[in-house]
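Here's the structure we're looking at; comments come further down.
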Amino acid sequence: MSDADLKPPRRWTRRPLFSPDQMLTAQQLNTLIDGQREHGERLMRALYGPGVLFGFAVGLSDPGRLPGNPPVDANLGPKGSTRLEISCGMALDRHGRLLHWPEGSLPYCEIVTETGCAGTFTLSAHYAERRSAHGGCGPCADKPEWIEEGVVFTLTLGCSDWDRACPAPTDGACVSWDEFICSRTGSGSGKLPPQPDLQTACAATPELCRIECSDEYYDAAAGIPIACVTIANLAGGGCRPVWGFSGVSKACEVRPYVYRTPLLYELIGGCQDNLARVTALSWQDWVDSSKQVPWREFEAKFLRSGDLWFEFSRAIAVATVHPGSVFLTTTYRDPESDYVLVRRIPARLQPTNPQDDHATRFEFVLHPNWVDNAVKQSPSTLRQGGRIELTIRGQMLRDRCGNMLDALPISYDPKTPRQHRPGDDFISTFRLEKAPNPPPRAPRRPSTRPIPESYEDY
C-alpha cells in the first residue's frame with residue numbers, strides 16, 4: 001500500500017463482519033478471538049502498566065538435604081533448600097498479558113535460565129504458552145487445537161531495587177498539576193520525562209522465544225521481577241555441583257506494582273502513615289470544656305506530683321523529648337502596662353514507662369521556685385487568670401522508625417480522609433479563671449533555691 005493511502009494498515013485494526021447463513025472459517029474465528037485479546041491487552045497496559053497485582057510471595061522450602069551431600073554454609077540460608085514456595089499471584093507484563101500463578105513450589109531445575117554459578121539473582125515471572133495437539137489417530141492428530149497459557153521463571157545475575165522515586169523537573173522548574181499529568185502521560189514534552197512504561201506502551205507484541213528442549217514458548221524480555229534469591233552449590237565440595245536455592249531477599253523492593261482499587265483507597269486515606277500521635281493529656285477535660293478552669297482545680301493538679309502528663313500512640317525517643325521540644329507557657333495581661341505577656345514555665349520532662357531509651361508517656365516536673373512564686377504565693381500574676389498552653393514541636397521528636405510526630409489534635413476524627421500533619425506543632429490550651437479574692441499584688445520575694453541543670457535545657 002502506497003504512502004498516499006489514507007488508511008495505512010498500522011493505524012487500523014480488523015475484525016470479522018458476519019452475515020446470515022455464512023460459513024465461518026478458522027481464520028475468521030481466530031481473528032475475532034485475537035482481536036478481543038489484543039484490545040484487552042492494550043487496555044491493560046494503558047490503564048495499569050506492568051507490575052504485580054497481588055500475591056507472588058516467595059519463600060524457601062526445605063525438603064531435606066540430598067543424601068551424601070555435606071551441609072551448605074550457614075550464611076547462605078537453610079541447609080538443603082532446593083525449592084521456592086510461591087503463593088498464588090497475578091501480574092501484568094509490559095504488553096498487558098496476564099501472568100497467573102496458581103500457587104506451588106518451584107524447583108531449581110524448572111528455571112528457564114540456569115545460572116551454573118553461585119550468587120544473588122533476580123527471580124522474574126514471564127508470560128509463556130504452548131500448543132496442545134488433539135489426541136487420537138489420523139492426519140489431523142498433530143494439529144494444535146488449544147493454546148495453553150502459563151508462567152515461567154528466569155534468573156538474572158544481580159539484584160537492585162525498583163525505582164519509585166518521584167521525577168525531578170528539569171532545572172528546578174515549577175510544574176503545575178496539568179503540566180505534571182500531561183508530561184508524565186507522554187502527552188507533552190518539557191519539564192518532566194514520560195513515565196518509563198510508556199516506552200513500550202505502543203510497541204507491537206513480539207514473537208515468543210522457544211524454551212530449549214521443550215514445546216513451550218515465552219517472552220524473555222518482558223519479565224516481572226518478584227524477588228531476589230541466592231543460589232549455592234548444595235553438594236558442597238562434591239565433584240558435580242548441585243545448584244539450588246539457599247536464600248530469599250527483597251521480595252518487595254524489586255517489584256513494580258499495579259495498585260488495586262481497595263489498596264488505592266487505603267493509600268489515599270493515609271493508612272500507610274503510622275505516625276506517632278498525642279493520644280491523651282491528663283488535663284484533656286479542661287481542653288474540651290469551653291469554660292474557664294477553676295483556680296482550685298488548677299492549683300490541686302499543678303501541686304500534685306505526677307499529675308501533669310501526656311501520652312503518645314507510639315514510643316518516642318527519650319532524648320528528643322526535652323524542654324526545647326515540649327514546653328508549657330502562660331499567657332496573661334500585665335496589669336501595669338496592659339501588654340499581653342507570654343512566659344514559659346520552667347519544667348523538665350520525665351518518662352514514666354521507659355524501655356530501650358523510648359517511652360510513650362512523659363510527665364512534667366515543675367521547677368519548685370516557679371511553683372512557690374506562681375501557684376503557692378498569693379500575690380502572683382497567674383492568679384489574675386489567663387491561658388496555659390502546651391506546645392509539642394513535632395519536627396524535633398523521633399519514634400523508633402525515625403519518623404516525626406503527627407500533630408493531629410486528640411479530638412480530630414474526620415469523616416473524610418485525614419490530612420496528616422507530620423512534623424507540625426501540637427498545641428493544646430485551656431483558660432484559667434481568676435483566683436478567688438486575689439489580694440493586692442506585692443513585690444515578689446526572690447528565691448534562694450539553686451536551679452538544677454535539668455531545668456536550664458531550652
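Note that the coordinates shown come from a computational prediction; the quantities given were computed from them, not determined experimentally.
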**Study point:** Step-by-step side chain to side chain contact (heavy atoms under 4.5 Å, CB included) determination, Q395 to S325
**Key:** CA-CA 9 Å; Q395 70 271 28; S325 60; over 6 Å; no

**Study point:** From CA spacing to verdict: side chain to side chain contact (heavy atoms under 4.5 Å, CB included), L432, W295
**Key:** CA-CA 7 Å; L432 179 64; W295 174 264; 3.8 Å; yes

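P323 and L349 make their closest contact through N-CD2, 4.0 Å (heavy atoms, listed as atom of the first residue, atom of the second, distance). Closest approach of K191 to C174, counting heavy atoms only: NZ-O, 2.9 Å. T120 and L157 get closest at one heavy-atom pair: O-CD1, 3.7 Å. In plain terms, the two heavy atoms of I226 and V254 that are nearest each other are C-CG2, 3.9 Å. Contact record, P351 with V318: CG-CG1, 4.0 Å, taken as the closest heavy-atom pair. Contact detail for W370 and V375: the closest heavy-atom pair is CZ3-CG2, 3.7 Å.
Salt-bridge formation is not detected for the pair D197/R45: no Lys NZ or Arg NE/NH1/NH2 atom is positioned less than 4.0 Å from an Asp or Glu carboxylate oxygen. Checked for salt-bridge contact, E311 and R361 meet the test: a charged N lies under 4.0 Å from a carboxylate O. A salt bridge is defined here as a Lys NZ or Arg NE, NH1 or NH2 lying under 4.0 Å from an Asp or Glu carboxylate O, and R37 with E41 meets this definition.
For the residue pair D288 / S411, no side-chain donor-acceptor distance below 3.5 Å is found, with atom types taken as modelled. Side chains of Y127 and E149: a donor on one and an acceptor on the other come within 3.5 Å. A donor-acceptor pair shorter than 3.5 Å can be found between the side chains of T154 and H126.
Looking only at side-chain heavy atoms (C-beta outward), P193 and R184 come within less than 4.5 Å of each other. You'll find the side chain of L382 reaches within 4.5 Å of the side chain of T330, heavy atoms only. For the pair L390/T429, no side-chain contact is recorded, criterion being any heavy-atom separation below 4.5 Å from C-beta on. Counting only heavy atoms from C-beta outward, the side chains of R393 and M396 approach each other to under 4.5 Å. For the pair D425/I392, no side-chain contact is recorded, criterion being any heavy-atom separation below 4.5 Å from C-beta on. Contact annotation: the side chain of K301 approaches that of L308 to within less than 4.5 Å [non-hydrogen atoms, C-beta and beyond]. Residues I410 and T279 are not in side-chain contact: their nearest non-hydrogen atoms beyond the backbone lie 4.5 Å or more apart. L303 places a side-chain heavy atom less than 4.5 Å from the side chain of K376.
Taking the six-membered ring where tryptophan is involved, the planes of F430 and F302 are perpendicular, since the angle between them exceeds 60° and thus also 30°. Below 30°, between 30° and 60°, or above 60°: for F312 and F362 the angle between ring planes is above 60°, a perpendicular geometry. Between W101 and F153, the ring planes lie perpendicular to each other; the angle is over 60°, past the 30° to 60° tilted range. Classified by interplanar angle (parallel below 30°, tilted 30° to 60°, perpendicular above 60°), the ring pair F310/F364 is tilted. Relative orientation of the Y257 and Y259 rings is parallel, given thresholds of 30° and 60° on the angle between their planes.
Annotation: D357, atom CG; neighbour count of heavy atoms from other residues, nucleotides and ligands within 6.0 Å does not exceed 12. In this structure, F54 places its CZ atom where more than 12 heavy-atom neighbours from other residues, nucleotides or ligands lie under 6.0 Å away.
Remark: the backbone N or O of P50 is not paired with any side-chain donor or acceptor of R94 at under 3.5 angstrom. A side-chain donor-acceptor contact under 3.5 Å links N373 to the backbone of N369.
A cation-pi contact, defined as under 6.0 Å to the ring centre and within 45° of the axis, is absent between K250 and W162.
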